[in-house]
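Below is one structure, written out as structure tokens; the observations come after it.
Chain naming here is simple, since letters A, B, ... match the order of the sequence lines and numbering starts at 1 in each.
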Number of protein chains: 2
Amino acid sequence: MSKKAARTKRERDPAASRQRLIDATVRLMLRQGFAGTSVDMICQEAGMTKGGFFHHFENKESLALAAVEWWGRMGTAQYAEAWKDETLDPLAQLHRMLDIMAGFTRRPGVHCTCMVGMMSQELAATSPALRSACEKELTLWTTHAAKMLSAAKKKHRPRAKFDPVQVAWFLNSLWQGSMLVGKTCRSQEMIRHNLKLARSYVDGLFEKP
Amino acid sequence: MSKKAARTKRERDPAASRQRLIDATVRLMLRQGFAGTSVDMICQEAGMTKGGFFHHFENKESLALAAVEWWGRMGTAQYAEAWKDETLDPLAQLHRMLDIMAGFTRRPGVHCTCMVGMMSQELAATSPALRSACEKELTLWTTHAAKMLSAAKKKHRPRAKFDPVQVAWFLNSLWQGSMLVGKTCRSQEMIRHNLKLARSYVDGLFEKP
DNA sequence: CTTTACATACCGACCGGTCTGTATGTCAAA
DNA sequence: TTTGACATACAGACCGGTCGGTATGTAAAG
């Protein structure tokens, strides 16, 4: 029957099922961490059974890995808005990136927090695979920031003494720490203050004495 | 018998037993997080049985709470070296504090990481008690830093436009984030670079234009 | 165009083991 | 003899992961 065929066609969608599991994992682990989230919870949240789960993923860790990678892709896509316009002044690109970060603190009902920071804080010492995946994401972000800093330096103050890569790690650390402290103190405003100070710090790098 | 009496006297020491549990908790949870560390593991690490554990602590959460408080006391005691000498220039006190932080990255075999940041990252959303305890510790650190910044401002450049409290939160976030990123990328050197940049940032606040 | 053969997607019961927490026992000190 | 400091034993929920089975999709042979 046509109805039956249509129904089953929509229900059997392995890519969507897989993604549903990833989405559920991100939602739950962002709240409860890795060890605090059980496979049963994930299955329930994703509307799937354990059998289905282990068809798509070898184990819980490999799902977390996929979730971190997905988180990284989503994040990069959002940050890309800052650097995709290559005609824009690199310093303006940096400010655009800080705008995007500040935007993350303004979504109503969603607290600004990072899957990479959470997974890494919890699992860096016990899961080499997760640690390495998180390192990859952090490094990617830093590389992009360093490129903009480097271009801005070349354009605005080539004789400045800072190392773009070091400054990029500095900014990344500040960003991760801001989300951590902001969550702990339940203050998105503090995150924004930090970003504002970061802004003037970056500007200061290019000011001629 | 005297030997037996002496032995039992040393073995039956409730305060020491309690502390042994706390020490074990810090050691294990710093590696595996809260949910990843079981009560049995803690008992084994502390050389005690479950009965003893639940004699001293109501539950796992209250032990973690005690561990965070102990961690805070230890940390404050170490940082206090920076601000205890009230005759020292406040800017020099700040540098002394940054020295101490850098010192944490130089202990051989011990990776520089923070119990407060870890517990908070994992439990802020699910355990109000832990979140609040972590907030308290972060606030305490920030208050001390803000005091030094404020005194330095008064002394060196009273007309400077920065807010000492905001800058203190900025430094605390940077510090927490540096430990997180440093752990993820297994680079203590990166933490030290960040501290160096923080140093010149702080100095910059007091430079007259 | 059917039929047959096999692959993929998913279900849900079930496994051995681990989890936090409790109830009870022991024994030294006061 | 009471009390505090533990040990022992165990309850019962829950854990990650397996397994047998079923529904659906594909594709080649007849």
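- Each of A:Gln19, A:Arg27, A:Arg20 was scored for a side-chain hydrogen bond (donor to acceptor under 3.5 Å, both in side chains) with A:Asp23, with one residue passing: A:Gln19.
- The environment of CD in B:Glu61 is crowded: more than 12 heavy-atom neighbours from other residues, nucleotides or ligands sit within 6.0 Å.
- Residue B:Leu63 contributes atom CG, which lies 11 Å from atom P of C:dT20 at whole-angstrom precision.
- Looking at A:Asp99 and A:Arg199, a side-chain N of the basic residue comes within less than 4.0 Å of a carboxylate O on the acidic one, giving a salt bridge.
- Between the side chain of A:Lys50 and the main chain of A:Val39, no donor-acceptor pair closer than 3.5 Å is present.
- Between the NE2 atom of A:His56 and the P atom of D:dG17 there is a distance of 17 Å, rounded to whole Å.
- Summarising the geometry, the separation between CZ on B:Phe57 and C1' on D:dA5 is reported as 14 Å, rounded to the nearest angstrom.
- Within residues 27-44 of chain B, the residues having any heavy atom under 4.0 Å from DNA chain C are, by residue number, B:Thr37, B:Ser38, B:Val39, B:Asp40.
- A close approach under 4.0 Å does not occur between any side-chain nitrogen or oxygen of A:Ser17 and OP1 or OP2 of C:dA9.
- Distance, B:Glu58 CD to C:dG21 P: 9 Å, rounded to whole Å.
- D:dT18 atom P lies 11 Å from atom CZ of A:Phe53, rounded to whole Å.
- B:His144 has its ring centre less than 6.0 Å from the ring centre of B:Trp83.
- Between B:Lys60 atom NZ and C:dT22 atom P there is a gap of 15 Å when expressed in whole angstrom units.
- A salt bridge links A:Glu135 to A:Arg131: at least one charged side-chain nitrogen sits closer than 4.0 Å to a carboxylate oxygen.
- Here the C1' atom of nucleotide C:dC10 and the CZ atom of A:Arg18 are 16 Å apart, to the nearest Å.
- At D:dA5, one or more side-chain N or O atoms of B:His55 fall inside 4.0 Å of OP1 or OP2 (strictly under the cut-off).
- Nearest nucleotide to the side chain of A:Thr49, out of D:dG4, D:dG16, C:dC11: C:dC11.
- With A:Met118 as the fixed residue, the side chain to side chain contact (heavy atoms under 4.5 Å, CB included) test singles out one of A:Thr113, A:Leu123, A:Leu180: A:Thr113.
- Listed by chain and residue number, A:Lys183 satisfy the side-chain hydrogen bond (donor to acceptor under 3.5 Å, both in side chains) test with B:Gln121 (two or more places apart in sequence, or in another chain).
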Between the protein and nucleotides 19-22 of chain D, which nitrogen or oxygen pairs are less than 3.5 angstrom apart?
none

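- Ring-plane geometry between B:Tyr201 and B:Phe170 is classed as tilted, the angle between the planes lying from 30 to 60 degrees on a 0 to 90 degree scale.
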